[in-house]
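Below: one structure, written as structure tokens.
Proteins come first, then strands; the chains are lettered A, B, ... in the order of their sequence lines, and each starts at number 1.
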2 protein chains.
Amino acid sequence: MTSSSADPGSLRPGGRTARVRAAVLQAAGDALAEGGLAGLDLADVARRAEVGRTTVYRRWGTPANLVADLLADMAEQSLPRTETGTLLGDLRANARLVQRTLADPRQGALFKAVIAAATCDDQAAAALRRFYDTRVTEWEPCARQAVERGELPAGTDTREVVRAVSAPLYYRLLTTGEPLDEAAAERAAVAAAAAARAGAFVSEAPEAP
Amino acid sequence: MTSSSADPGSLRPGGRTARVRAAVLQAAGDALAEGGLAGLDLADVARRAEVGRTTVYRRWGTPANLVADLLADMAEQSLPRTETGTLLGDLRANARLVQRTLADPRQGALFKAVIAAATCDDQAAAALRRFYDTRVTEWEPCARQAVERGELPAGTDTREVVRAVSAPLYYRLLTTGEPLDEAAAERAAVAAAAAARAGAFVSEAPEAP
DNA sequence: GTCATAACGGGACTCCCATTCCATTAGTGG
DNA sequence: CCACTAATGGAATGGGAGTCCCGTTATGAC
């Protein structure tokens with residue numbers, strides 16, 4: 001037999017197929033933002049997207065798969081980082097970006113739902129990891145430049161510095177009811193910078209045996 | 001009419017009712033650890049607990065309610081903190097405790113599932129907040145004592161210091177595939193201590209107008 | 001010990017999610 | 001522009017989760 005069933009949408013990705021995917025992902029995002037992962041009913045998504053139920057079930061199958069595809073789509077829309085010339089300035093810009101994203105009602109709910117999906121399904125978890133890899137890779141240079149400038153000790157795990165900015169913001173989003181305000185972003189940036197300067201993220205001996 | 005329907009289990013909480021609750025919560029924890037929130041089927045929980053389906057539906061109704069009750073139960077089993085005499089020592093002890101808990105296959109999966117539930121349901125979210133309030137209140141004194149000792153600047157938000165230890169560990173658990181090892185706990189403790197010493201968690205002017 | 005009734009448990013019922021079948025629509029290569 | 005078929009969408013089907021009814025069990029008060 002020939003290439004009989006290479007999942008739908010891959011052989012004729014143009015025109016209608018692309019429109020359907022865009023509409024479904026948009027609808028899925030809306031549904032997630034409104035009702036969380038529990039509110040993600042594929043039939044409901046189909047209705048919102050004005051697309052046949054069958055199509056959604058055939059192309060995505062499960063809520064987790066749909067979330068995984070949504071994440072892949074989100075990863076492609078990575079924003080360029082801003083450069084300020086100092087570590088604290090760069091981390092502050094990153095913290096503000098993350099804080100604004102998570103504080104936004106739609107985006108915040110969406111991220112919560114996406115993280116919830118990742119705890120249930122391996123495929124969604126893998127997609128989530130790729131998403132954050134992309135984001136960290138985008139921002140990691142700001143820590144690397146700080147090392148080159150001498151602001152941070154040699155041997156600093158630069159990716160870990162960037163993650164240290166996001167961590168408290170996500171922690172607050174998920175475990176407390178307190179609002180994600182500008183002060184929280186500032187604290188996150190200052191704390192990460194201070195910890196990095198103190199060498200908290202130095203993994204091994206800098207160099208030379 | 002008299003007090004007709006003050007939810008089941010409240011008027012005769014002794015004997016069988018208590019046994020049923022214990023068995024159901026145990027089974028719910030097992031189910032969550034195995035299949036995540038998605039794998040939490042009330043009928044399945046009833047089967048595991050060797051309890052009638054009707055009972056589970058009547059007393060808890062929804063997966064989210066069941067998770068909320070499970071969290072209330074978990075909050076009661078708070079572990080006493082250890083005191084080492086120094087801020088870093090105390091934070092390290094806390095970090096190791098959190099790290100060991102999250103690294104444990106059953107507990108780790110359980111916490112992931114519980115957080116997922118909190119993103120979907122307000123009642124579960126409130127229960128989760130209470131749980132972390134309890135834990136933070138248990139450990140907050142270690143930061144307060146550090147302020148009294150002069151290790152930390154006056155005006156430090158002591159609860160925020162404790163949360164700063166947990167944040168990177170939870171962030172790693174939820175967003176990366178990397179293992180939660182001892183090194184991660186050490187980094188978390190050192191980073192939180194360094195940030196606190198640098199005054200990252202000072203919220204307002206210490207005192208005096 | 002005895003009684004009233006809170007709480008439990010089995011079985012039947014309903015409803016909605018997910019799958020399957022087939023006709024219709026519209027990309028893509030010639 | 002035409003033919004081929006990938007992809008979609010509507011309708012019928014099946015299965016499993018959640019609800020309801022009512023008899024049974026055992027708690028707690030007297």
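Distance A:L42 CG to C:dC17 C1': 9 Å, rounded to the nearest Å. One interatomic measurement links the two molecules: CZ of A:R21 to P of D:dA7, which rounds to 14 Å at whole-angstrom precision. Atom CH2 of B:W60 and atom P of D:dG18 are 15 Å apart (whole Å). Protein atom CG of A:D44 is 12 Å distant from nucleotide atom C1' of C:dC17, rounded to whole Å. At whole-Å resolution of the value, CG in B:L66 and P in D:dG18 are 12 Å apart. If you take CZ of A:R53 and P of C:dA18, they are 12 Å apart, rounded to a whole angstrom. As rounded to whole Å, 11 Å separates atom C1' of D:dG10 from atom CZ of A:R58. What separates CG of A:D41 from C1' of D:dA17 is a distance of 14 Å, to the nearest Å.
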Report task. Please assess A:L128 against B:L174 for the test side chain to side chain contact (heavy atoms under 4.5 Å, CB included), listing each intermediate value before the final yes or no. Result -> CA-CA 9 Å; A:L128 189 69; B:L174 292 169; 5.9 Å; no
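Toward the 5′ end of DNA chain C lies the nearest nucleotide of B:E50, the other residue of the pair A:P63 and B:E50 mapping further downstream. Between B:T17 and B:R47, the residue whose closest nucleotide on DNA chain D is further toward the 5' end is B:R47.
Take A:F201 and apply the ring pair (Phe, Tyr, Trp, His ring centres under 6.0 Å) test, not counting sequence neighbours, and it matches no residue.
Using a cut-off of 4.0 Å between Lys/Arg side-chain N and Asp/Glu carboxylate O, B:E178 and A:R163 are scored as salt-bridged. Contact check on A:E50 versus A:R19 returns no salt bridge, with no Lys/Arg side-chain nitrogen under 4.0 Å from an Asp/Glu carboxylate oxygen.
Within the structure, every side-chain polar atom (N or O) of B:Y57 is placed at least 4.0 Å from both OP1 and OP2 of D:dT19. Note on B:R59: a side-chain N or O is less than 4.0 Å away from OP1 or OP2 of C:dC8. Within the structure, a side-chain polar atom (N or O) of A:T55 is placed less than 4.0 Å from OP1 or OP2 of D:dG9. Here B:R19 reaches the OP1 or OP2 of D:dT27: one of its side-chain N or O atoms lies under 4.0 Å away.
Closest approach to the B:P8 side chain among D:dG18, C:dC8, C:dA18 is made by C:dC8 (side chain taken as heavy atoms from C-beta onward). The side chain of A:T54 has C:dC21 as its nearest neighbour among C:dC8, D:dC20, C:dC21.
Contact annotation: side chain of A:R16 to base of C:dT25, donor-acceptor pair present below 3.5 Å.
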Side-chain donor-acceptor distances from residues 94-103 of chain B under 3.5 Å, at least two apart:
residue: B:R96; atom: NH1; partner: B:E182; partner atom: OE1; Å: 3.0
residue: B:Q99; atom: NE2; partner: B:L180; partner atom: O; Å: 3.1
residue: B:T101; atom: OG1; partner: B:L97; partner atom: O; Å: 2.8

